[in-house]
Amino acid sequence: MSRTLLLLRHAKSAWSDPRLDDHDRPLNRRGERAAKAMADHFAQLGLRPDLILCSTALRTRQTLAPIMATLAAPAPLINLSKDLYLASEDVLLSELQAVSDDATTVLLIGHNDGIWHFATGLAHDGPPAELAALRDKFPTGALATLSLRDEPWRTVGFGAARLVSFLRPRDLGVV
């Protein structure tokens, strides 16, 4: 038995309105397509988080929306947290360590550079090509799936996970 951590960087956001605060930037059209493609991927693989930790930024919530539309009832618990907005890898680790052990699959939707450093810090091994791709770049809309031992979330530390897969929107045909 193991635990699964799904790390999703928000999809591509719009920069067209310079008056908008960064927290309030929406997805652009490419980002909307990537979020939909990732939601379809969740549905095809039957990925079903028990808990979703999501930044309060508009672009992360818009990335989450199509995923939620594909999940069957009952809906997973969603924790929207301003603490996840532009959070460092250390903050992300603290948030994960606070998760209840009732959750076996957690989806965390966040931002770079924190989510990238968090993923690379957790992943001690995995498929070499996917590990190399993850270490190179964590593009918008990308999903890292990590497997952890079935131990309490509070004991998770850097180097504790195995990268199962690393999927970018371009891998799903979104360019």
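Here the structure is a predicted model, which is why all the values come from computation and not from measurement.
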Fill in the blank from the handout: For Leu163 and Ala144, the nearest pair of non-hydrogen atoms, with its separation, is CD1-CB, 4.2 Å
Exercise for the section: Output the distance between atom CG (Leu27) and atom CZ (Arg61), rounded to the nearest 0.5 Å. Expected result: 10.5 Å
Exercise for the section: Please check if Leu108 and Leu45 belong to a single hydrophobic cluster, counting links between Ile, Leu, Val, Met, Phe, Trp and Tyr side chain heavy atoms closer than 4.5 Å. Expected result: no
Practice task
Please check if the side chain of Asp171 supplies one atom and the backbone of Arg168 the other of a donor-acceptor pair under 3.5 Å.
Solution key: yes
Practice task
Answer yes if Val99 and Ile52 sit in the same cluster of Ile, Leu, Val, Met, Phe, Trp and Tyr residues linked by side chain heavy atoms under 4.5 Å apart, and no otherwise.
Solution key: no
Problem - Nearest-0.5 Å distance, CG of residue Leu84 to OG1 of residue Thr60 - result: 8.5 Å
Exercise for the section: Scan residues 25-41 for pairs that pass side-chain hydrogen bond (donor to acceptor under 3.5 Å, both in side chains), counting only residues two or more places apart or in two chains. Expected result: Ser13-Arg25, Asp22-Arg25, Lys36-Asp40
Problem - Distance, nearest 0.5 Å, that separates CD1 of Ile67 from CG of Leu64 - result: 6.0 Å
Exercise for the section: Would you indicate whether the side-chain heavy atoms of Thr120 and Leu134 approach each other to under 4.5 Å? Expected result: yes
Handout entry: Close side-chain approach of Val106 and Leu53, heavy atoms under 4.5 Å
Key = yes
Completion exercise
Residues pairing under ring-ring contact (aromatic ring centres under 6.0 Å, His included) where one sits in residues 81-102, two or more places apart or in two chains, turn out to be His23-Tyr85, Tyr85-His111
Handout entry: Side chain to side chain, Val91 and Phe118, heavy atoms closer than 4.5 Å
Key = no
Using distance only, find each side-chain donor-acceptor pair of residues 124-132 under 3.5 Å and give its atom names and separation, not counting sequence neighbours.
residue: His124; atom: NE2; partner: Ala161; partner atom: O; Å: 3.4
residue: Glu130; atom: OE1; partner: Phe166; partner atom: N; Å: 2.5

Exercise for the section: Establish, from distance only, whether the side-chain atoms of Thr104 and Asp50 form a donor-acceptor pair under 3.5 Å. Expected result: yes
Practice task
Using ring pair (Phe, Tyr, Trp, His ring centres under 6.0 Å) as the criterion, list what pairs up with Phe42, not counting sequence neighbours.
Solution key: none
Handout entry: Partners passing ring pair (Phe, Tyr, Trp, His ring centres under 6.0 Å) against His117 (at least two apart in sequence or in another chain)
Key = none
Exercise for the section: Quick one: do Arg135 and Trp116 satisfy side chain to side chain contact (heavy atoms under 4.5 Å, CB included)? Show the steps, please. Expected result: CA-CA 8 Å; Arg135 290 177 178 146; Trp116 180 25; 5.5 Å; no
Handout entry: Any donor-acceptor N/O pair, Gln97 side chain to Val156 backbone, under 3.5 Å
Key = yes
Practice task
For side chain to side chain contact (heavy atoms under 4.5 Å, CB included), just list the numbers for Leu107 and Leu51, CA-CA rounded to whole Å, side-chain angles, deciding distance to a tenth of an Å, and then say yes or no.
Solution key: CA-CA 6 Å; Leu107 168 61; Leu51 172 66; over 6 Å; no
Practice task
Evaluate the side-chain proximity of Pro169 to Thr140: yes if any heavy-atom separation is below 4.5 Å, no if none is.
Solution key: no
Handout entry: 4.5 Å side-chain heavy-atom contact, Leu6 and Leu146
Key = no
Problem - Student check: side-chain heavy atoms of Leu7 and Leu5 closer than 4.5 Å - result: yes
Fill in the blank from the handout: Output for pair (Leu148 CG, Thr4 OG1), nearest 0.5 Å, gives 8.0 Å
Problem - Shortest non-hydrogen contact from Phe138 toward Ala119 - result: CE1-CB, 3.8 Å
Problem - Point-to-point distance, once rounded to the nearest 0.5 Å, from CD1 of Ile109 to CG of Leu8 - result: 5.0 Å
Problem - Under 3.5 Å: donor-acceptor pair, side chain of Arg9, backbone of Ile115 - result: no
Exercise for the section: Could you check if a side-chain atom of Leu167 sits within less than 4.5 angstrom of a side-chain atom of Leu172, using non-hydrogen atoms only? Expected result: yes
Exercise for the section: Apply the test salt bridge (charged side-chain N to carboxylate O under 4.0 Å, His left out) to residues Asp101 and Arg154: give CA-CA distance (whole Å), side-chain angles for both, the deciding distance (0.1 Å), then the verdict. Expected result: CA-CA 9 Å; Asp101 291 330; Arg154 70 179 177 280; 3.6 Å; yes
Practice task
Indicate yes or no: at least one non-hydrogen side-chain atom of Leu77 is less than 4.5 angstrom from one of Pro49.
Solution key: no
Exercise for the section: May I ask you to decide if Lys12's main-chain N or O and Arg59's side chain share a donor-acceptor pair within less than 3.5 Å? Expected result: no
Completion exercise
So side-chain hydrogen bond (donor to acceptor under 3.5 Å, both in side chains) across residues 62-81, not counting sequence neighbours, yields none
Practice task
For Arg3 and Glu151, indicate whether the former's side chain and the latter's backbone hold a donor-acceptor pair under 3.5 Å.
Solution key: yes
Handout entry: Minimal non-hydrogen separation, Phe158 against Leu122, with atom names
Key = CD2-N, 3.9 Å
